[in-house]
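Here the structure is a predicted model, which is why all the values come from computation and not from measurement.
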Amino acid sequence: MGTSGSKSIDGIGAEAAGVGAAGGGGEAGEGAASPEAWHGGAQLYVSLKMENARISGDLVPHVCGSEPIIGSWDPARALAMERELASMWQLSFVVPPDHETLDFKFLLKPKDAATPCIIEEGPTRLLTGGMLEGDVRVALFKHNGDDEVLEFRVFNKADIVSPLELAASWRVYKENFQPSRVRGIPDISINVAPTHGTEEGSGATLELDLEHYVVPTPTAPPNEYPANLAATPASLIQTGALQTNDMLLNYGIQSPSSVSAGPSSVSADFDGHSNHKKNIETWATDSSKKIQTSGLVESKSVGTFTPLQKPDGQKGMFIDRGVGSPKLPKSTSACSLASGLGFGSAKTMPEAAGAVAAAAVADRLHGSKEDGKLAIVLVGLPARGKTFTAVKLTRYLRWLGHETRHFNVGKYRRLKHGANLSADFFRDDNPEGIEARNEVAALAMEDMIDWMHGGGQVGIFDATNSTRKRRCMLMKMAEGNCKIIFLETICNDPSIIERNIRLKIQQSPDYADQPDYEAGLQDFMERLMNYEKVYEPVGEGSYIKMIDMVKGQGGQLQVNNISGYLPGRIVFFLVNSHLTPRPILLTRHGESLHNVRGRVGGDTVLSEAGELYAKKLANFIEKRLKSEKTATIWTSTLQRTILTASPILGFPKIQWRALDEINSGVCDGMTYEEIKKTMPEEFESRRKDKLRYRYPRGESYLDVIQRLEPVIIELERQRAPVVVISHQAVLRALYAYFADRPLREVPDIEMPLHTIIEIQMGVTGVEEKRYKLMD
């Protein structure tokens, strides 16, 4: 006696449980469980599956045989197997672990007719201890006489289940017979076969112009110059032009004589993110009198101070060295204001899950004090991709749950000295320019260390840092505060350097007020030559060298004195990332029957609307990627994503278990109303903190992010388009990575059905476009 087509129960597989098939001569095979090993009334849940992608017509696999499976060898009374996937049929039943040998055969016939009936070739099949004996991998059927042979792959699995699990499964099975109040569709429709109609129907076709389906993006990733997304210079905001001349002297940077400049205070965004378009005003010590600082005017285009033009049209350069003005101490109120506006509070461990948190804690317990804080210091000539690398690394570490912030020294320079500095400012024989650049670098480093003391974990220090003297200054400042790893980007490809220079002139605030591209190009090339004259490659301390890694192939990555979990993850990420432009398409599966009923999890098939979306999606992919020969389709291992991808032809398909929907544990198959009614405490816990809430015997969003890390690494490594067909929680986590959304927002990110999110990755960052194929 058994239950046909019931849902597979997660348990201990026969291999893991030691349930082996009996060998020849009736002796138990290796790993077979003895009757004494069973206790508590445990049973075997046996699953037989057959697969054939070419079967057509009304033929359906059946089983006939002895007790307790069927009870009759009469083909007319054979038990039909239930369709699990488009090409897969299943029969499941429960037997005692010490059951007698069962004999049966597979046959093909229509589900509601006795003929035609085709019985499989070969001897009768035997099942002992839940497992088939002999060579059981293939079942052969002679169709139309001997003219055609149908071949089916056979699968067999036996799981150990307790009486409690059986009772719970049966209760859910019976409860699901309740009709849906949404569309009147019966809730119980286990593994129903999808209707395979033609894909040429009018409902499945798309407009020739895919732009017809573009919809507004609710929260598009910021599309601006990457350096502007770095942290706001806190020291300049809190105390004006913070004077650091004494600090420079302490770290070996000589200061020539200079004139004094009064302290100033600047109003700007203070949440750690860029807000470069805000108006910035300079105030005298007497706050009742607003003054215009000598030599500076406000640039509306970039929100920073720029040098005044001299009467003869020559560009003037204002250097605020701050000599003669005391360094202003940070007041208690300023510090409390900073901590209240996003600088973070001290944490005993990072907001990371599982192995990530465990490794981070281990590093803290076994390492020195500064090892708990990490500074990634960029090194390299201009136009070598430092800032793009810093942005990508910042996004990755934030997504993993590490408190990470990007500090761009160029942003400090523009705020303190203006955006339109000529190439002369960067000459190696300009002592005032050298001092000014070292000063803003020290300011940025000090801000980063202050932020780490407030709870920050990883700081990305973005500047050229092209001399040993500069790097020595930074290492001395880091002593006792954080561990430094230098990340040097080296590029020898003229075409890539030329492209980066072009983007620099077009997008950088340094050239926002320069309408003449050629003049900007000449100035930047002079600046680049000034840096090349004094450039000293990294050879000290811990470092990572990325040599011609932009294209992702043919480059080198050199590592020196790198240890620890987090530095190891950073190296692994860098070795797999590149800037080759390619699209990544994210979409949920077509509407499933559980979507219709409002139930959580499960593994149901598609609704009629879901099947229509699968056809439209295939049509879309064909049009969108028609020129791409190396694209791939990624799905989860759940059938609703596999069925959604099944109409897509011409591209390889890969199933990722990591892309499976969040595991809802004991709540699987329930509606949220049922959860609220039967488990009010769980419902309330989830409502209060959806990010960290873990379903009983299930997962949290942080768990999902942890298992998705290999998927992110592989997406970064891919050079060709990828179509990811997955589930709501999983796609929320993936989208949060590309859009650089805070972890706390992940559970609430909008991820509608029947919508495609196209993420375009390349040298200009991440761009997003959405297509809605159906309502």
- request: For Arg502 and Glu518, run salt bridge (Lys or Arg N to Asp or Glu O under 4.0 Å): C-alpha distance rounded to whole Å, both residues' side-chain angles, the deciding distance at 0.1 Å, then the answer.
  value: CA-CA 10 Å; Arg502 184 171 61 253; Glu518 293 300 326; over 6 Å; no
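- In this structure, the side chain of Asn465 does not engage the main chain of Gly380 through any donor-acceptor pair within 3.5 Å.
- Looking only at distances, no side-chain donor or acceptor of Lys373 sits under 3.5 Å from a matching main-chain atom of Lys483.
- Rounded to the nearest 0.5 Å, atoms CG (Asn561) and CD1 (Ile544) are 11.0 Å apart.
- Lys545 contributes a side-chain N or O that, together with a main-chain N or O of Val538, makes up a donor-acceptor pair within less than 3.5 Å.
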- request: Go through the steps for Lys392 and Glu716 under the test salt bridge (Lys or Arg N to Asp or Glu O under 4.0 Å), then give the verdict.
  value: CA-CA 10 Å; Lys392 285 172 68 75; Glu716 286 286 356; 2.8 Å; yes
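- For the atom pair CG of Leu557 and CZ of Phe572, the computed distance is 12.0 Å after rounding to the nearest 0.5 Å.
- For the pair Arg437 and Phe426, the NZ or CZ position fails the cation-pi test of under 6.0 Å to the six-membered ring centre and within 45 degrees of the ring normal.
- Asp740 and Arg398 get closest at one heavy-atom pair: OD2-NH1, 3.2 Å.
- Between Arg569 and Glu709 a salt bridge is recorded (basic side-chain N to carboxylate O distance below 4.0 Å).
- Between the side chain of Asp548 and the backbone N or O of Gly555, no donor-acceptor pair lies under 3.5 Å.
- Between Lys476 and Glu479, none of the side-chain N atoms (NZ, or NE/NH1/NH2) sits under 4.0 Å from a carboxylate O, so this pair counts as no salt bridge.
- Among all heavy-atom pairs drawn from Val379 and Lys386, the shortest one is C-CD, 3.7 Å.
- Here the straight-line distance linking atom NE2 of His406 with atom CG of Leu397 works out to 12.5 Å at 0.5 Å rounding.
- Using a distance-only test at 3.5 Å, with no hydrogens or angles considered, no donor-acceptor pair links the side chain of Arg468 to the main chain of Glu536.
- The pair Asp510-Arg527 meets the salt-bridge criterion, with a side-chain N (NZ, NE, NH1 or NH2) lying under 4.0 Å from an Asp/Glu carboxylate O.
- Centroid-to-centroid, the aromatic rings of Phe573 and Tyr396 come within less than 6.0 Å.
- Considering all non-hydrogen atoms of both residues, Phe461 and Ala441 come closest at CZ-O, 3.5 Å.
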